[in-house]
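What's counted below: heavy atoms across the whole structure, side chains too, no hydrogens, waters or symmetry copies.
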Amino acid sequence: MTEKYADQLNLEKKAKGSWLYAYGLLAGREKLFFDESQLQQLLSANSESEFLNLIQNANFLGETVEEALMNSQQADLDLIYSIVPDYALLELFLLFNDAHNLKVFLRAILPAQEPILIKDIEYLFMRPYLTEPQQILSAVRNISENSNDDSELIKGSGLTDFQVPEWFKVTIKHAEKIYLETYDISRVDLVVNQALWQELIDLLSDINSEWLTEYYLLKADLINLEILLRCRNLSLSKEFFQRSILLQGNINQEKWLELFSFENSELVEKIDLLGFSDFSEIVINYHEPESAPIFSQLADSRLMQKIKETKFYASGVEKVAAYYLVREMERRNIRLIRACQLNSIPQERAYQMVRPSYVGV
């Protein structure tokens with residue numbers, strides 16, 4: 001990539017890379033992935049400088065841990081931008097940042113009595129993104145003012161060179177409608193989540209990778225499984241559960257609603273049959289303290305198992321996707337381990353929460 005981006009990643013220009021070149025370049029960078037011994041070293045680090053030195057050796061560069069994490073994500077995206085033959089994969093990765101930023105605007109604007117300025121909420125944005133915050137702000141305002149006519153969405157906004165994605169427009173209208181009916185801002189988040197995952201599935205059909213589709217369907221199932229356990233533990237209603245689950249995934253809504261009604265022993269049997277036997281114990285013990293981080297660790301372990309399948313793939317979108325997903329998992333590990341150290345969590349307990357390394361079988 002010849003030009004650097006700051007916050008917005010421009011996917012309009014023509015990509016000039018190749019999957020074969022990407023395969024060769026990333027194969028060398030995989031040698032810098034953390035192995036189990038390096039994770040142990042991170043856990044044992046006695047100072048921030050020692051911790052920082054360890055992650056710098058694994059290509060996380062910066063003057064502080066947080067700076068190194070931010071720099072690494074931007075560097076990874078920058079690298080992928082420069083080596084792939086099309087940008088659909090980058091668009092997929094950045095959908096999550098765009099959806100987060102849309103939530104930020106909806107949470108701020110829908111309940112607000114006074115106009116919201118971007119400078120007041122920009123610290124909440126996730127970067128890089130595909131859609132400029134000013135354009136999201138204009139879209140939300142125009143939807144509210146012209147909610148009966150989609151054609152009026154951006155009239156008068158002054159935005160001549162860019163429009164928000166179509167799924168933003170539909171989602172904003174739906175979110176506003178739900179909020180005015182319920183005045184429940186959490187329902188707005190659910191609307192955005194559903195729209196995000198539908199957009200993600202649509203984009204996956206364009207990417208046409210069976211493995212990548214399986215990865216995200218598994219991720220959706222794991223999200224829904226956690227929602228199921230949380231709702232049951234908090235004695236929330238079946239209606240609340242139905243509103244909360246993602247409609248995408250391998251397991252359909254009807255099956256999730258059926259699972260909601262079982263006793264724990266029956267539920268364990270059912271999820272075993274669905275291929276989640278490694279979650280049997282947490283189903284029984286989800287009411288106990290620390291169960292949520294244990295579930296999160298188990299879920300990421302399953303996702304890492306899926307990522308490891310790409311070790312046997314030739315060049316293609318799967319190898320590039322796996323590289324980025326491993327790096328994201330490593331960033332999560334670094335944040336988790338550092339948080340454990342700052343909060344004086346015993347090393348043995350912290351190790352139980354660490355995500356597995358990609359290195360090794």
Check this for me, if you would: do [X] and [Y] make a salt bridge, where the nitrogen-to-carboxylate-oxygen distance has to be below 4.0 angstrom?
X: R187; Y: E181; answer: no
X: D300; Y: R355; answer: yes
X: R332; Y: E328; answer: no
X: K255; Y: E258; answer: yes
X: E176; Y: K173; answer: no
X: R230; Y: E226; answer: yes
X: D98; Y: K103; answer: no

Using ring centroids (six-membered ring only for Trp), state whether F60 and F51 fall under 6.0 Å.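 No; F60 has its ring centre 6.0 Å or more from that of F51.
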
So, for F260 and F240, is the gap between ring centers shorter than 6.0 Å?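 Ring centroids of F260 and F240 are no less than 6.0 Å from each other.
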
Are [Y] and [X] connected into the same hydrophobic cluster when the rule is that any two of I, L, V, M, F, W, Y join if their side-chain heavy atoms are below 4.5 Å apart?
X: V359; Y: Y351; answer: no
X: I294; Y: L39; answer: no
X: L190; Y: W197; answer: no

Does the Lys NZ or Arg CZ of R331 fall within the cation-pi geometry relative to Y324 - under 6.0 Å from the ring centre and within 45° of the axis?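 Yes, a cation-pi geometry holds between R331 and Y324.
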
Using a 3.5 Å cut-off and no angle test, enumerate the donor-acceptor pairs between side-chain atoms of residues 85-96 and protein atoms at least two apart in sequence or in another chain.
residue, atom, partner, partner atom, Å
D86, OD1, A88, N, 3.1

